[in-house]
Number of protein chains: 2
Amino acid sequence: MPELDAIDRKILGYLQNDSRLTMQELADKVGLSVSPCHRRVKLLEERGVISRYIATVDQKALGLHVSVFISIKLARQKEEDLNRFARAISKWDEVLECYLMTGNRDYLLRVVAADLASYETFLKTKLTRLDGIASIESSFALSQVKYSIALPV
Amino acid sequence: MPELDAIDRKILGYLQNDSRLTMQELADKVGLSVSPCHRRVKLLEERGVISRYIATVDQKALGLHVSVFISIKLARQKEEDLNRFARAISKWDEVLECYLMTGNRDYLLRVVAADLASYETFLKTKLTRLDGIASIESSFALSQVKYSIALPV
DNA sequence: ATTCGATTGGTAAAATATCCCAATATCGAC
DNA sequence: GTCGATATTGGGATATTTTACCAATCGAAT
């Protein structure tokens, strides 16, 4: 796995903020001509450094006014239990993020919903129906102060 | 603000997962021809429903092995204090997400770093130097079970 | 200096986005 | 139902952009 040089990191920095830049614009920004810039981008894609290209959608425009962080403890923490939980979580579109945590909770989830009623539906029909959950604690977000997908390069 | 119909939502669903689909491919998937599909996409962009197009980068490939959730309480919660905190946070690339929360903490942050040492540097040179912070509590993520940018449509 | 390997830059062809206009569908009023 | 007005669709021409090829350049080791 070859290292990322300064130009690669510049490319990643720009594409993380706007993937619709043309190769010409990107090349200008990083100080290359189109050809080598293009090859570098393709290489970054092939190596999996760039994993995908996506559109980001405004949460409010979709009417998703509720963001919730959920702390979860499992009854048991054997690998099999963790895997079963991970598989279930992964299927649900409402769950945007899930982390296995250190400390006194096992998982931290970020979930979005249209309103409190639909969040309650998510809890009742999905999350609380999972086996092996010892406790669930919801914390609500009043507002999103910052949300970025761009990793520091 | 016109409502999003079923086709709009389909478009958003596909573009949230792969914005490199050609108009032809996208049009086929949603059951339109290229022209109306293209116009709908442009409209979604103009209305701000689609906010941006970005490349997602592999966190491991960048050597960012540490993900931390930080709970923060401020000494005071006047609007001015909140704004000052928000402004500071927004400048720092290490902070990917920040939410104003209900309950007994004020903010929840998600921060990434290369390793524990650089996380410590972030804490010492940035976060703890802010005025008006009453308490900071870090929880570390052992692994990312799910991470999605795609909102449910 | 010279050679080898890797990276670069220009160019041309292919793929794609974008715009215009006619045709079609949708909705409300009668 | 029928008509008319409005919004939406589809096809085709044009402009942009991506992509592949090849010669030129750069860098390092000898």
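So you know, we letter chains A, B, ... as the sequences are listed, proteins then strands, and number each from 1.
Note: CZ (B/R20) to C1' (D/dT19) measures 12 Å, nearest angstrom. One atom, CD of B/E3, and another, C1' of D/dA7, lie 17 Å apart when rounded to the nearest Å. Taking atom OH on B/Y53 and atom P on C/dT16, their separation rounds to 16 Å, with Å as the unit. Rounded to whole Å, atom P of C/dT7 lies 13 Å from atom CD1 of A/I11. When rounded to the nearest whole Å, the span between NZ of A/K42 and P of D/dT18 equals 9 Å. Rounded to an integer number of Å, the gap from B/H38 NE2 to D/dG12 P is 18 Å.
A pairwise comparison of heavy atoms in A/V68 and A/S138 identifies CG1-CB, 3.8 Å as the closest pair. Here the closest non-hydrogen pair linking B/L4 and B/R47 is CD2-NH2, 3.7 Å.
There is a side-chain donor-acceptor pair under 3.5 Å between A/S139 and B/R105. A/Q24 and A/S33 are not linked by any side-chain donor-acceptor pair at a separation below 3.5 angstrom, with hydrogens and angles left out of the test.
The six-membered or imidazole ring of B/Y53 lies away from that of A/Y53, with a centre-to-centre distance of 6.0 Å or more.
Among pairs with a residue in residues 7-28 of chain A, those fulfilling salt bridge (charged side-chain N to carboxylate O under 4.0 Å, His left out) read A/D8-A/R40, at least two apart in sequence or across chains.
Within a 6.0 Å sphere centred on CG of A/N104, heavy atoms belonging to other residues, nucleotides or ligands number 12 at most.
Residues B/L44 and B/L32 are members of one and the same hydrophobic cluster, defined by side-chain heavy-atom contacts under 4.5 angstrom among Ile, Leu, Val, Met, Phe, Trp and Tyr.
Contact check of residues 21-33 of chain B against DNA chain D (heavy atom, cut-off under 4.0 Å) returns B/L32, B/S33.
In this model, the phosphate group of D/dT9 is approached by a side-chain N or O of B/R40 to a distance below 4.0 Å at OP1 or OP2.
Remark on the helix from C/dA1-D/dT30 to C/dC30-D/dG1: inter-end axis angle 40°, axes from five-pair C1' superpositions, rounded to 10°.
Cluster partners of A/Y147, using a side-chain heavy-atom cutoff of under 4.5 Å among ILVMFWY residues and allowing indirect links, are A/I54, A/F69, A/Y99, A/M101, A/L108, A/I149, B/I54, B/F69, B/Y99, B/M101, B/L108, B/Y147, B/I149.
For B/S51, the side-chain contact (heavy atoms from CB on, under 4.5 Å) partners are A/T56, not counting sequence neighbours.
Under a 4.0 Å N-O distance rule, the pair B/D81/B/R76 qualifies as a salt bridge.
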Identify each atom pair where a protein N or O and an N or O of nucleotides 20-22 of chain C are less than 3.5 Å apart, giving names and distance.
none

